[in-house]
Amino acid sequence: QVQLVESGGGLVQPGGSLRLSCAASGSIFTILSMGWYHQAPGKQRELVATITPGGSTNYADSVKGRFTISRDNAKNTVYLQMNSLKPEDTAVYYCNADVKVLGGSYYAVNYWGQGTQVTVSS
């Protein structure tokens, strides 16, 4: 009923920048919190950043001061601006959202995107 599609990943040198986007579509009534997670080979998926509908944000310590999460509620889209990238940022980045579906229940439903690869290497 709801789809999340990420874009903007790629290969970048250390110190470079990328901007990731995630657009939600489908039978959406409203979207609650949204976030970005990443997963490196052989490791668990980890929180990168989250943002509430009102714009309150939370970041992993490893990305504070370098990454910025934002959202456009009218477009059902969340962004991740990634600056001063490091090799240890290399991972698949996943979009996540809590969505209240049209005609749905009291509870929100959690959705994941398919992921976009970010590689930081010289």
Side-chain angles (χ1 to χ4, degrees):
Q1 295 182 11
V2 175
Q3 301 81 40
L4 304 179
V5 180
E6 302 99 332
S7 62
L11 175 64
V12 65
Q13 293 184 333
S17 297
L18 287 172
R19 191 191 194 209
L20 307 183
S21 299
C22 172
S25 61
S27 302
I28 298 168
F29 177 70
T30 191
I31 302 178
L32 303 179
S33 292
M34 305 184 78
W36 289 95
Y37 295 71
H38 67 191
Q39 187 168 22
K43 296 185 177 180
Q44 293 186 334
R45 192 170 299 185
E46 298 179 328
L47 172 71
V48 176
T50 59
I51 185 166
T52 69
S56 296
T57 59
N58 187 45
Y59 297 92
D61 288 341
S62 62
V63 307
K64 286 181 179 177
R66 300 189 298 123
F67 292 7
T68 302
I69 189 171
S70 61
R71 66 191 286 170
D72 186 335
N73 292 332
K75 296 181 179 179
N76 291 329
T77 299
V78 64
Y79 306 93
L80 186 68
Q81 179 65 48
M82 309 167 68
N83 298 326
S84 301
L85 283 161
K86 304 175 180 179
E88 49 263 46
D89 296 319
T90 296
V92 177
Y93 283 72
Y94 296 91
C95 178
N96 180 265
D98 291 325
V99 181
K100 301 210 78 172
V101 179
L102 284 170
S105 73
Y106 173 84
Y107 298 100
V109 180
N110 189 256
Y111 290 91
W112 290 96
Q114 295 181 342
T116 185
Q117 178 71 49
V118 171
T119 302
V120 184
S121 177
S122 60

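Keep in mind it's a predicted model, so treat the numbers as computed, not measured.
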Problem - Note: K64-D61 ion pair, threshold 4.0 Å (strictly below) - result: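 Looking at D61 together with K64, the answer is yes, because their closest N to O distance falls below 4.0 Å.
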Of all the heavy-atom pairs spanning [X] and [Y], show the shortest one and how long it is.
| X | Y | answer |
| --- | --- | --- |
| Q114 | E6 | N-OE1, 3.1 Å |
| R66 | L85 | NH1-CA, 3.9 Å |
| V78 | M34 | CG1-CE, 3.6 Å |

Measure the shortest side-chain to side-chain distance between [X] and [Y] over non-hydrogen atoms and say whether it is less than 4.5 angstrom.
| X | Y | value |
| --- | --- | --- |
| F67 | L18 | no |
| V120 | E88 | no |
| I69 | Y79 | no |
| R71 | P53 | yes |
| P14 | P87 | yes |
| V12 | M82 | no |
| I28 | L102 | no |
| T116 | S7 | no |

Kindly state each residue pair satisfying side chain to side chain donor-acceptor pair (under 3.5 Å) with at least one member in [range], sequence neighbours excluded.
| range | value |
| --- | --- |
| residues 27-37 | none |
| residues 48-60 | none |
| residues 92-102 | H38-Y93, N96-N110, D98-N110 |

Practice task
Can you establish whether the number of heavy atoms outside Q1 located under 6.0 Å from its atom CD is more than 12?
Solution key: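 Check fails, neighbour count at 12 or below.
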Verify the cluster assignment for [X] and [Y]: are they in a single hydrophobic cluster under the rule of side-chain heavy atoms below 4.5 Å apart?
| X | Y | value |
| --- | --- | --- |
| I31 | V2 | yes |
| V109 | L4 | yes |
| V99 | W112 | no |

Problem - Flag, side chain of T77 to backbone of K75, donor-acceptor distance under 3.5 Å - result: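 Yes.
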Handout entry: Member of L20, I51, V63 meeting the side-chain contact (heavy atoms from CB on, under 4.5 Å) criterion with L80
Key =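 It is L20, the one option of L20, I51, V63 that forms the side-chain contact (heavy atoms from CB on, under 4.5 Å) with L80.
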Exercise for the section: Test N83 against S17 for side chain to side chain donor-acceptor pair (under 3.5 Å), laying out the working first. Expected result: CA-CA 4 Å; N83 298 326; S17 297; 2.9 Å; yes
